[in-house]
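Below is one structure, written out as structure tokens; comments come after it.
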Amino acid sequence: MEDNSGAGKALAGFLIKYHSKQLDSIILSPDARIHYPLHIDFAELMDENPHLANLIFSQPIEYLSIFDESAIWAQKVMFEDFKKFENASVKPYVHVRINVFGSPLECPETFPSIGRVRVKHRGILLTLKGTVIRSGAVKMIEGEKIYECRICKHRFKVHPEVETGNSIPKPTICPSQNCESTRFQIVEDNKICHDYQEIKIQESTQVLGVGAIPRSIPVILKDDLVDIVKAGDDVIVTGVLTAKWSSDMKGVRCDLDPVLIANHVRRMNELKSGIDIPDDVILKFKQFWSEFKDAPLKGRNAILRGICPQVFGLFTVKLAVALTLIGGVQHVDASGTKVRGESHFLLVGDPGTGKSQFLKFAAKLSNRSVITTGLGSTSAGLTVTAVKDGGEWMLEAGALVLADGGLCCIDEFDSMRVHDRATIHEAMEQQTISVAKAGLVTTLSTRTIVFGATNPKGHYDPDQSLSVNTTLSGPLLSRFDIVLVLLDTKNPEWDAVVSSHILSEQAEPGKDNSDENLTNIWPLPLLRRYIHFVKGYFRPVLTKEAEKVISSYYQLQRRSATHNAARTTVRMLESLIRLAQAHARLMFRNEVTRLDAITAILCIESSMTTSAIVDSVGNALHSNFTENPDEEYAKQERLIVEKLSCIDEFPGINMGEGEPVA
């Protein structure tokens, strides 16, 4: 006991020394019934008192409760300075929350994956990383009971046992010395209750090996930790591993299931710490664009060559992938109505045109991604499932909810059943999923990019509309910003070039592109950093010139929209704005110029089976990187501006070349 009191004093001294500001705010808070968190860094405690840090790591059940008591003791020491304040009081419910970020506890030995949790981890301070797939309702449980011995009148606390479903066992013998009484009475004057919630976290699919099934573990949240996470959140949970008896069923062996009692929960959604961008890398990006000041499109193409480098050519597809991943700026009007900033992309192509390769590469570029196939996806698996657990209904997140803030890739889009396909309409445009299942009525957030790949129905017929060739409905097609058709037409010259590219890749398997010389093909980690940086750093605004070009093109499309009625809706105008903003971000700029507007038009034109403006769109499969992209663009700009200047509403659009400076 003396050792414990010494530890308590040392911990209180640590709190007063390093966390006096948090203690001040807790003392000055008006409500004494609230449970207050007190956040400390484990690395800081290790530097100050390694012995205590080791005790908390090896015996957390005992020492975390001592830590909570020392927080109350520290308040009493500091309370002398706050007596003059009216609301100041010592709060009885303070919980010390230990953040292990930046400490040795983050090493793989003490940071195992959920599937590798074993008996040896029981009883130590354990940190697990995963995605919340289920979030239960908040309940109330009794925290402790105070018993009084009928003979010696000694009072003692009995806490609930997690192993037996949070029931409080009846004491068998009096804990005081020289008293062996077995007769007790409950003291009813002090009943303490706690908020209680169970969530389930699952291993992230990115860290799993091939063929591994993601494992999950239940996590118990109490008091101030309840309701701080929801289904789909990436979290790092620090807590104590214990076991819980599985529900007893007749004829079934009763097992102990692992469960983690959380002490600290850290959400990863806002942090996005998967991509760290140092200042020297940002400087490298700025130097790169200063080098290509006179030929900005050549610089852009140097970046695009790093997207799926194993696939030869396909410039249009690589540009579309980059613009989709970067996305536009979300717009919120005065009434609070949101217009999404995320773009959606659909690849329609013959077998062997590299659709799945682009899907897999896009998933690697995004810092949060879920890959699924149409045949293996139901409407519940894509959106949300209602499951019954322990007599109550809970919601379990599906692919679109888990990909919130990232990318959801759906391969073999045509294999999805029609009613399953209809469920993603709301998720794509409104970016929410409304659920009314088993008495649970709620709305979940799905701010996700949808990247689909599908085969045409039989032989692609250019004379028919896109919805006939793909068997996808008009409302679904209109939600995709870019729909590219890859037709495997016979072209002897193209076949010769592609075959030599594939054979050269086979001949030099050890060829390494990992050096960060930006004039070569950009390596994957640098591309990820670039996309992440431009998404967060730039918020492009449309110039008057870009607005005119986009508006003129939209009106022209509406006039000639007999063949592509499903695509030429108001959504096309929003798509043009998003793509132009994405191109401005890609070009490292904060304003949308005519270059960006015309590039967005060329992307939309490639999506159309019949072009309203460019006479020969050509097959996106055979599009290649040109030697002088800036000269090529000047020709295309002249052609497009000539066509658009025919529109009476917007006469005389400026014909000057006026290339922007990156």
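None of the values given here were measured: they were computed from a predicted structure.
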- Query: Got Ile482 and His344 here, is their nearest side-chain heavy-atom distance under 4.5 Å?
  - Reply: no
- Item | Side-chain heavy atoms of Thr448 within contact of Glu342, under 4.5 Å | no
- Nearest heavy-atom neighbours spanning Pro540 and Gln581: CG-O, 3.5 Å
- By salt bridge (Lys or Arg N to Asp or Glu O under 4.0 Å), which residues pair with Glu426, not counting sequence neighbours? none
- So Ile604 and Leu579, side chain to side chain contact (heavy atoms under 4.5 Å, CB included) or not? Walk me through it. CA-CA 9 Å; Ile604 295 285; Leu579 293 172; 3.9 Å; yes
- Below 4.5 Å, heavy atoms only, C-beta onward: do Val339 and Glu574 meet side chain to side chain? yes
- Message: The test is side chain to side chain contact (heavy atoms under 4.5 Å, CB included); show your working for Leu486 and Asp350 and say whether it passes.
- Response: CA-CA 6 Å; Leu486 305 177; Asp350 291 332; over 6 Å; no
- Query: Do the rings of Phe588 and Trp289 sit parallel, tilted or perpendicular, given the 30° and 60° boundaries?
  - Reply: parallel
- Item | Closest contact, heavy atoms only, Leu347 versus Phe451 | CD1-CE2, 4.2 Å
- Note on the structure: Looking only at heavy atoms, the pair that brings Leu346 and Ala453 closest together is CD1-N, 4.1 Å
- Item | Partner residues of Arg585 under the salt bridge (Lys or Arg N to Asp or Glu O under 4.0 Å) criterion, sequence neighbours left out | none
- Query: Between the side chain of Arg447 and the main-chain N/O of Gln431, is any donor-acceptor distance below 3.5 Å?
  - Reply: no
- Message: Tell me whether Tyr530 contacts the main-chain N or O of Ile282 through its side chain, where contact means a donor paired with an acceptor under 3.5 Å.
- Response: no
- Task: Could you please spell out the steps behind the side chain to side chain contact (heavy atoms under 4.5 Å, CB included) verdict for Val132 and Lys200?
- Result: CA-CA 6 Å; Val132 180; Lys200 188 177 263 189; over 6 Å; no
- CH2 on Trp522 to CZ on Arg528, rounded to 0.5 Å: 15.0 Å
- Message: Could you check whether Glu547 and Thr543, counting side-chain N and O atoms only, form a donor-acceptor pair closer than 3.5 Å?
- Response: no
- Message: Under the side-chain contact (heavy atoms from CB on, under 4.5 Å) test against Val235, which residue among Ile228, Val219, Ile201 passes?
- Response: Ile201
- Looking only at heavy atoms, what is the nearest atom pair of Asn455 and Glu412, with distance? ND2-OE1, 3.5 Å
- Show your reasoning for whether ring-ring contact (aromatic ring centres under 6.0 Å, His included) applies to Phe480 and Phe345. CA-CA 6 Å; Phe480 285 103; Phe345 179 31; 8.6 Å; no
- Output yes when a side-chain donor or acceptor of Lys355 lies under 3.5 Å from a complementary backbone atom of Gly349, and no otherwise. yes
- Query: Is any side-chain heavy atom of Cys603 closer than 4.5 Å to a side-chain heavy atom of Leu319?
  - Reply: yes
- Query: Is any side-chain heavy atom of Leu221 less than 4.5 Å from a side-chain heavy atom of Asp227?
  - Reply: no
- Message: How long is the straight-line distance from NZ of Lys535 back to OG of Ser366, given to the nearest 0.5 Å?
- Response: 6.5 Å
- Identify the residue among Gln330, Glu429, His331 that makes a side chain to side chain donor-acceptor pair (under 3.5 Å) with Arg340. Glu429
- Message: Does the plane of the ring in Phe533 sit parallel, tilted or perpendicular to the ring in Tyr537? Use 30° and 60° as the thresholds.
- Response: parallel
- Compare every heavy atom of Cys409 with every heavy atom of Ala363, then report the nearest pair and how far apart it is. CB-SG, 4.3 Å
- Task: Working to the nearest 0.5 Å, report the span between OG of Ser575 and CG of Leu323.
- Result: 12.0 Å
- Please check if any side-chain donor atom of Ser356 sits under 3.5 Å from a side-chain acceptor atom of Asp411, or the reverse. yes
- In sequence, state the C-alpha distance, the side-chain angles, and the governing distance for Val348 and Val483, and then conclude on side chain to side chain contact (heavy atoms under 4.5 Å, CB included). CA-CA 7 Å; Val348 183; Val483 181; 4.0 Å; yes
- Message: How long is the straight-line distance from CE of Met428 back to CG of Leu476, given to the nearest 0.5 Å?
- Response: 5.5 Å
- Message: Rounded at 0.5 Å granularity, tell me how far OG1 in Thr373 sits from CD1 in Ile410.
- Response: 9.5 Å
- Message: Let me confirm one number: the CD1-OG1 distance from Ile433 to Thr443, rounded to the nearest 0.5 Å.
- Response: 10.0 Å
- Message: Do Lys284 and Asp280 have side chains that approach each other closer than 4.5 Å (heavy atoms only, starting at C-beta)?
- Response: no
- Item | Side-chain touch Arg266/Val237, heavy atoms, less than 4.5 angstrom | no
- Query: If you look at every heavy atom in Phe413 and Gly452, which pair is closest and at what distance?
  - Reply: CD1-CA, 4.2 Å
Distance-only donor-acceptor pairs under 3.5 Å for side chains of residues 299-309, two or more places apart:
from   : atom 1 : to     : atom 2 : distance (Å)
Arg300 : NH1    : His583 : NE2    : 3.0

- Query: Is there a donor-acceptor contact under 3.5 Å linking the side chains of Asp596 and Thr599?
  - Reply: no
- Less than 4.5 Å apart, any side-chain heavy atom of Ile531 and any of Leu365? yes
- Query: Salt bridge or not for Arg594 and Glu545, using N-O below 4.0 Å?
  - Reply: yes
